[in-house]
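Only one structure is covered here, and it is reproduced in the block below.
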Amino acid sequence: MPKRYWLLKTEPDAYSIDDLQRDKTTCWDGVRNYQARNFMRDQMQVGDDVFIYHSNAQPTGIAGLAKVSKAGYADSTALDPKDVHFDPKATKDNPIWMRVDVAFEKKLGRVVTLEEIKAEKKLATMLLVQRGQRLSVQPVEAGHFAMILKMAGQG
DNA sequence: GCCAACGTTGGC
DNA sequence: GCCAACGTTGGC
């Protein structure tokens, strides 16, 4: 499978690029959307490049880079009644939800903001800027990925 | 905090 | 299978 590129949303109040830098790697769990689950289950591969996107942030935008370090596997938080992401329908045999592990790569020299992305015509087809689009795990085209790195001064 | 847009649930 | 109600996301 060719290398793919992804964007993962996170609220930095809950988990930021700085947290990932400190932790080195993290389990990207708690995703409870089937489309996002399917990307993690079927398409994300070790070595794929990932943008870490800060939502509900000041500013909102792409804050750093990571790599997939473990491909999709069962998200056990769905089985834990004490976990906020507990799903009573999940079982050990059918965990329903998946997660991947991601490893910190680098923090961008500056956040490439949602505002800038919206203003750049070449990025108009990014999923991120489609009206009402809320996917928290989404694919990014290679060209868009490179463009954003360039905007961050890391091209 | 507001609220538009979306996904999911559940009654029928 | 329809669709209203509800919960969540996420920009502002």
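Below, chain A is the first sequence line, B the second, and so on; all start at residue 1.
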Give the nucleotide from the list [options] with an atom nearest to the side chain of [X].
{"X": "A:Arg134", "options": "B:dT8, B:dA5, C:dG11", "result": "B:dA5"}
{"X": "A:Lys9", "options": "C:dG10, B:dT8, C:dG11", "result": "C:dG10"}
{"X": "A:Asn33", "options": "B:dG7, C:dC12, C:dG10", "result": "B:dG7"}

task = Using a cut-off of strictly less than 4.0 Å, decide whether A:Tyr34 has a side-chain nitrogen or oxygen near OP1 or OP2 of B:dC6.
result = no
Given atom [atom1] of [X] and atom [atom2] of [N], what is their separation to the nearest angstrom?
{"X": "A:Leu128", "N": "C:dG11", "atom1": "CG", "atom2": "P", "result": "7 Å"}
{"X": "A:Asp13", "N": "B:dG1", "atom1": "CG", "atom2": "C1'", "result": "15 Å"}
{"X": "A:Leu135", "N": "C:dG11", "atom1": "CG", "atom2": "P", "result": "13 Å"}
{"X": "A:Gln58", "N": "C:dG11", "atom1": "CD", "atom2": "P", "result": "11 Å"}
{"X": "A:Leu127", "N": "C:dG10", "atom1": "CG", "atom2": "P", "result": "13 Å"}
{"X": "A:Leu8", "N": "C:dG10", "atom1": "CG", "atom2": "C1'", "result": "16 Å"}
{"X": "A:Lys118", "N": "C:dG11", "atom1": "NZ", "atom2": "P", "result": "8 Å"}
{"X": "A:Glu11", "N": "C:dG11", "atom1": "CD", "atom2": "C1'", "result": "11 Å"}

task = Check whether the ring centres of A:Phe145 and A:Trp6 lie less than 6.0 Å apart, and answer yes or no.
result = no
query = When all nucleic acid strands are considered with a 4.0 Å heavy-atom cut-off, which category describes A:Arg131: base, sugar-phosphate, or nothing?
reply = sugar-phosphate
query = Given side chains that start at C-beta, do those of A:Leu127 and A:Pro139 come closer than 4.5 Å, heavy atoms only?
reply = yes
inquiry  = Quick check: do A:Asp87 and A:Leu79 have side-chain heavy atoms less than 4.5 Å from each other?
reply    = no
inquiry  = Tell me whether the NZ or CZ atom of A:Lys70 lies within the 45° cone about the ring axis of A:Tyr73 and under 6.0 Å from its centre.
reply    = yes
remark   = Between A:Gly132 and A:Lys89, whichever has its closest DNA chain B nucleotide further toward 5' is A:Gly132
Donor-acceptor pair (no angle test) under 3.5 Å: A:Arg32 side chain, C:dT8 base = no
ask   = Are the side chain of A:Gln138 and the backbone of A:Ala36 linked by a donor-acceptor contact shorter than 3.5 Å?
value = no
